[in-house]
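This is a predicted model, so every value here is computed, not measured.
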Amino acid sequence: MDYLKEIQGKTCHDHPYFNKMNTNTNTKRCVFVNGPVIVGAGPSGLAAAACLTAKGVQSLVVERCNCIASLWQLKTYNRLSLHLPKQFCELPLMSFPHDFPTYPTKQQFIKYLELYAMTFNIRPLFNQTVISANYDRNLGLWRIRTDTMTTTMTTSSTEYVTRWLIVATGENAEAVLPHIEGMEEFGGTIMHTSLYKSGEVFTRKKVLVVGCGNSGMEVCLDLCNHDATPSLVVRDTVHVLPREMLGKSTFGLSMWLLKWLPIRLVDRFLLITSRLLLGDTSRLGLDRPEIGPLELKNLSGKTPVLDVGTLAKIKSGDIKVCPGIKRLLKHHTVEFVNGQTEEYDAIILATGYKSNVPSWLKEKEMFSEKDGLPKRPFPNGWKGECGLYAVGFTKRGLLGASIDAKKIAEHIHQYFQ
């Protein structure tokens, strides 16, 4: 423990949560953190920090971007709103303002998160990109190295040393960008939904949206509303459900029914009701999986699409459903797997996101190197060995992140009693 003693013996107070020691004129430094280090200032990281604060445990949050909830603030489209009612999206210890609608907008959700951070005095260190995190078995501590680009365009490196590391970078840290044959020759715009803001720039243009999840469906609707002509590539089966049933949110109704009925019976109810309200989606090119929507969500994490108006546009012919892409050709041409070709001005990839944990966490027991998610399924994926924790990897959205955050805070709090 000599290394730790040296750090502690040469510190000066720099931040309310840690002490600092310069090692090379501010370009490299080592920091001993007296509480947990949380990597990521999204909703999951904020929830963990707030729960720790409520237990009297101060933490340090490091964030690679220049704001909290960077995915929401920087990489989402303008018309986005919460797909679930606000009571299912609250972070621990603080409700949404009463005057917020049932489905808060993107801007309202960001406002809520900013108020949340202010309420619990969460002050992340921004522009801190984690390069690596290693557990030093000689010290019994985690060593987390970050790089920061300074105003003079030089890199400043910091190593944080702590007993507890909370991984809160989430399931959506990096955009998934599939390689499609001929992308270099296509000639038109190709972008991921993380760069899409509004259909306004695509007015009177033909746009091909790849991916039929909630984002792909909603981007198609937004394009329609801005007088574009969208087509939707549907490669897999998909469950499309109405956002509300019988005057209640589909999600809320499902959670209530699961208290009394087995999941397969609830799935059967959802599918029958959806058929009555939406019709047979397979006639529109949207085949349903053989497994019900809730059971599929539990098994694979694949979320059903909650329809907000896209299906009506498909029925009216305003949105065309297409099969998978075989390859892209010159002159804005797309060849589909059925052999047909068509020209488009742009392609938008609604192909989702993935975890980036394997790129920086040097640990192979808790997280899978294949998908960057905890190996143990919910509800047991929140805790690893040697003071390592995960929050926001449950495939259950904000509700799952809140459950993890409470468990983590309770467990770490025991060391301070």
Side-chain angles (χ1 to χ4, degrees), residues 33 35-49 51-52 59-65 69-71 75 124 128-147 159-177 194 297-303 351-412 415:
V33 183
V37 170
I38 302 171
V39 180
S44 298
L46 298 178
C51 288
L52 286 164
S59 60
L60 172 68
V61 182
V62 294
E63 165 60 42
R64 63 179 175 177
C65 293
S70 61
L71 179 65
K75 298 183 179 181
Q128 299 265 332
T129 301
V130 175
I131 304 302
S132 65
N134 300 275
Y135 184 70
D136 190 322
R137 295 192 177 277
N138 292 325
L139 295 177
L141 298 169
W142 285 93
R143 302 172 66 167
I144 305 145
R145 187 169 74 85
T146 69
D147 281 353
E159 183 179 67
Y160 299 100
V161 181
T162 180
R163 184 174 178 180
W164 305 278
L165 170 60
I166 302 174
V167 180
T169 48
E171 305 156 351
N172 303 316
E174 304 289 346
V176 173
L177 297 170
S194 58
K297 174 68 174 174
N298 279 348
L299 291 174
S300 69
K302 187 174 181 180
T303 303
T351 46
Y353 295 84
K354 63 181 179 180
S355 165
N356 69 356
V357 173
S359 68
W360 58 269
L361 181 62
K362 310 306 176 184
E363 183 273 350
K364 299 181 180 179
E365 297 301 320
M366 183 176 182
F367 285 86
S368 166
E369 291 188 77
K370 182 179 179 180
D371 60 14
L373 303 178
K375 295 179 181 179
R376 298 174 67 187
F378 179 84
N380 301 311
W382 62 276
K383 181 180 176 295
E385 301 297 326
C386 305
L388 179 63
Y389 302 89
V391 56
F393 294 89
T394 64
K395 294 187 177 180
R396 284 163 174 78
L398 296 167
L399 193 61
S402 296
I403 293 171
D404 281 352
K406 294 174 185 177
K407 290 180 179 178
I408 292 169
E410 184 66 37
H411 192 264
I412 293 177
Y415 292 93

Pairwise distance OG(S194) to CG(N172) - rounded to 0.5 angstrom: 11.0 Å
Candidate pair F367 and S355, rule side-chain contact (heavy atoms from CB on, under 4.5 Å), full reasoning: CA-CA 10 Å; F367 285 86; S355 165; 5.5 Å; no
K354/E174 under salt bridge (charged side-chain N to carboxylate O under 4.0 Å, His left out): CA gap, chis, key distance, verdict: CA-CA 5 Å; K354 63 181 179 180; E174 304 289 346; over 6 Å; no
For the student: nearest non-hydrogen atoms of S59 and I38, plus distance: OG-CD1, 3.6 Å
C386 vs R137 side-chain heavy atoms within contact, under 4.5 Å: yes
4.5 Å side-chain heavy-atom contact, T146 and T129: no
Side-chain heavy-atom pair Y135, L388 within 4.5 angstrom cut-off: no
Parallel, tilted or perpendicular: ring planes of W382 versus H411, cut at 30 and 60 degrees: perpendicular
For P379 against K407, the heavy-atom pair lying closest together: O-NZ, 3.2 Å
side-chain contact (heavy atoms from CB on, under 4.5 Å) between W360 and N134, worked out: CA-CA 9 Å; W360 58 269; N134 300 275; over 6 Å; no
From CD (E385) to CE (M366), nearest 0.5 Å: 9.5 Å
Ring centre gap for F393 and F378 strictly below 6.0 Å: no
Atom pair CG/OG of L398 and S44 - distance to nearest 0.5 Å: 7.0 Å
Full working for side-chain contact (heavy atoms from CB on, under 4.5 Å) between T303 and K297: CA-CA 6 Å; T303 303; K297 174 68 174 174; 2.8 Å; yes
Short side-chain to backbone donor-acceptor contact, K75 and A175, under 3.5 Å: no
L373 side chain near E171 side chain, heavy-atom distance below 4.5 Å: yes
Student check: side-chain heavy atoms of N298 and R396 closer than 4.5 Å: yes
Heavy-atom closest contact (Q128 atom, Y160 atom, distance): OE1-OH, 3.0 Å
With I144, the side-chain contact (heavy atoms from CB on, under 4.5 Å) member among L361, L165, I131: L165
Student check: side-chain heavy atoms of T394 and I403 closer than 4.5 Å: no
N356 side chain vs S359 backbone, donor-acceptor pair below 3.5 Å: no
Single hit among V61, I412, V39 for side-chain contact (heavy atoms from CB on, under 4.5 Å) with I166: I412
Heavy-atom pair of closest approach, residues K362 and S132: CE-CB, 4.0 Å
Flag, side chain of E363 to backbone of E365, donor-acceptor distance under 3.5 Å: yes
Evaluation steps, side-chain contact (heavy atoms from CB on, under 4.5 Å), between V37 and T162: CA-CA 7 Å; V37 170; T162 180; 3.7 Å; yes
For P358 against S368, the heavy-atom pair lying closest together: CG-O, 3.7 Å
Contact check, side chains of L52 and W164, non-hydrogen atoms, under 4.5 Å: no
A41 versus E63, closest heavy-atom pair with distance: N-OE1, 2.8 Å
